[in-house]
J.: 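Dropping a structure here in structure tokens format, bear with me for questions.
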Amino acid sequence: MNKELIADAFDILHQAQRILVTSHVRPDGDAIGSLLGLGLALQDNGKDVQMIMADGVPKSFRHLSGSEQVHRKPKGTFDAIVVVDCSDLGRVGSVLDDLPDPDLSIDHHITNLPFARVNLVDSDATSTTEMLTALLPALKLSLSKPIAEALLTGLITDTLGFRTTNMRPQALRAAADLMAFGIDLPVLYRKVLLSRSYHAARYWGRGLSNLQLENRIVWTSLTLDDRQAVDYPGRDDADLINVLSTIEDADVALIFVEQKDDTVKVSWRSRPGFDVAKVAFQFGGGGHKPAAGAELEGPLDEVQQKVLEATRAIMHP
Ligand code: 5GP
Ligand code: MN
């Protein structure tokens with residue numbers, strides 16, 4: 001990472017007293033892990049930190065220290081505003097509505113739009129938490145066991161347990177360093193990646209029973225009816241997309257999740273050689289070449305049709 005940018009980030013964080021840290025809506029393990037990792041490290045350094053997430057902390061991450069301090073709305077004013085693991089400002093949700101533009105962004109998405117005054121972006125990093133594992137010491141912020149657990153959570157979830165195609169030695173070294181704080185890796189791995197509710201498994205069943213395959217694209221949808229029928233409390237896909245991405249007959253997997261406000265959440269996964277970030281970006285979303293997402297307006301069938309068409313176009317240009 002660029003030393004001058006790190007020095008700028010150092011100045012922003014160390015000259016501030018009241019600091020807001022936030023991340024994206026529908027937070028995943030990397031968003032929560034980065035928020036808590038940086039937030040707790042700044043608190044240990046004597047800063048007044050507000051950790052804010054528009055959607056709060058999902059149940060599977062509430063065991064992490066500091067998660068009880070995460071609120072949905074900021075209070076008061078700040079000397080510095082930091083956004084982690086977020087490629088565009090819109091994805092922060094309403095958190096920054098009445099606040100100035102962010103001072104610092106720390107992110108690893110290839111589709112990152114440099115929206116902050118200082119942007120630390122490394123699209124080769126597996127996760128923002130991998131970046132922070134190296135960055136915190138460079139920013140003279142020390143790690144502790146709770147910080148290590150938060151950061152390791154993001155590393156595990158964003159790499160699906162160290163198996164995504166962007167894995168690199170730095171990610172395993174970072175994980176080893178974090179584990180050395182006394183973290184039980186298999187226990188954490190199970191909590192944040194493997195364990196799921198009975199309702200989520202039944203929700204998968206609904207999606208899997210409608211699975212379609214055509215020209216090496218596999219896809220399915222999850223409707224509001226599916227959600228209600230199995231009593232699934234979330235508005236996401238319960239990570240079913242990561243099951244679809246294991247199907248060997250396809251190069252690209254897609255899932256369409258119908259939402260209450262006439263929008264559809266779309267997730268893409270692809271094998272090496274296919275860039276789904278490009279197609280997600282066309283629809284106002286973003287992500288990485290092998291894993292991307294977007295939120296589109298319109299009825300499910302229309303969204304499905306236009307997204308499948310655009311996806312075919314990037315596969316067979
Ligand atoms: P997922 O499909 O699991 O929600 O996300 C896959 C990747 O795409 C993640 O890196 C996630 O941050 C990114 N992503 C998902 N949805 C959106 C979106 O609506 N906008 C942007 N910019 N990125 C997204
Ligand atoms: Mn991430």
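Just follow the structure's listing: the first ligand is 1, and inside any ligand the first atom is 1. When a residue number appears, it is its place in the shown sequence, counting from 1. These values consider heavy atoms only, across backbone and side chains, with no hydrogens, waters or symmetry-generated copies.
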J.: Going by atom types alone, do Ser87 and Asp107 pair a side-chain donor with an acceptor below 3.5 Å?
T.: no

J.: Under 4.0 Å from ligand 1, counting heavy atoms only, is it the side chain of Ala294, its backbone, both or neither?
T.: backbone

J.: Which heavy atom in Asp30 sits nearest to a heavy atom in Ser34, and how many Å separate them?
T.: O-OG, 2.6 Å

J.: Kindly list each side-chain donor-acceptor pair under 3.5 angstrom involving residues 202-210, sequence neighbours excluded, with atom names and distances?
T.:
from	atom 1	to	atom 2	distance (Å)
Tyr203	OH	Asp236	O	2.8
Trp204	NE1	Ala238	O	2.8
Arg206	NE	Asp226	OD1	2.8
Arg206	NH2	Asp226	OD1	3.1
Ser209	OG	Gly205	O	3.3
Ser209	OG	Arg206	O	2.9
Asn210	ND2	Arg206	O	3.4

J.: So, 2.8 Å as the limit: is an N/O/S atom of Asp107 located closer than that to the Mn ion (ligand 2)?
T.: no

J.: For ligand 1, which atoms sit closer than 4.0 Å to a heavy atom of His288?
T.: 10 (O)

J.: Taking both backbone and side-chain atoms into account, decide whether Asp158 has an N/O/S atom under 2.8 Å from the Mn ion (ligand 2).
T.: yes

J.: Which atoms of ligand 1 are found less than 4.0 Å from any heavy atom of Lys265?
T.: 1 (P), 2 (O), 4 (O), 15 (C), 16 (N)

J.: Look only at interatomic distance and state if His109 has a nitrogen or oxygen under 3.5 Å from any nitrogen or oxygen of ligand 1.
T.: yes

J.: Answer yes or no: is there an ion pair linking Glu214 with Arg312, defined by an N-O contact shorter than 4.0 Å?
T.: yes

J.: Report the part of Arg91 in contact with ligand 1, treating N, CA, C, O as backbone and CB onward as side chain, heavy atoms under 4.0 Å; options are side chain, backbone, both, neither.
T.: side chain

J.: Any N/O/S atom of His108 sitting less than 2.8 Å from the Mn ion (ligand 2), backbone or side chain?
T.: yes

J.: Could you tell me the separation between the NZ atom of Lys145 and the CG atom of Leu40, rounded to the nearest 0.5 Å?
T.: 14.5 Å

J.: Hey, looking at atom 1 (P) of ligand 1, which of Gly293, Ser267, Gly287, Ala291 has the closest heavy atom?
T.: Ser267

J.: Would you mind listing every ring-ring contact (aromatic ring centres under 6.0 Å, His included) that reaches into residues 141-194, with sequence neighbours excluded?
T.: none

J.: Give me the nearest non-hydrogen protein atom to atom 13 (C) of ligand 1 as residue plus atom name, then the distance to 0.1 Å.
T.: Gly286 O, 3.5 Å

J.: For ligand 1, is any non-hydrogen atom under 4.0 Å from Asp158's backbone (N, CA, C, O), its side chain (CB onward), both, or neither?
T.: neither

J.: Just let me know how Arg269 lines up against ligand 1, side chain, backbone, both or neither, with a heavy-atom cut-off below 4.0 Å.
T.: side chain

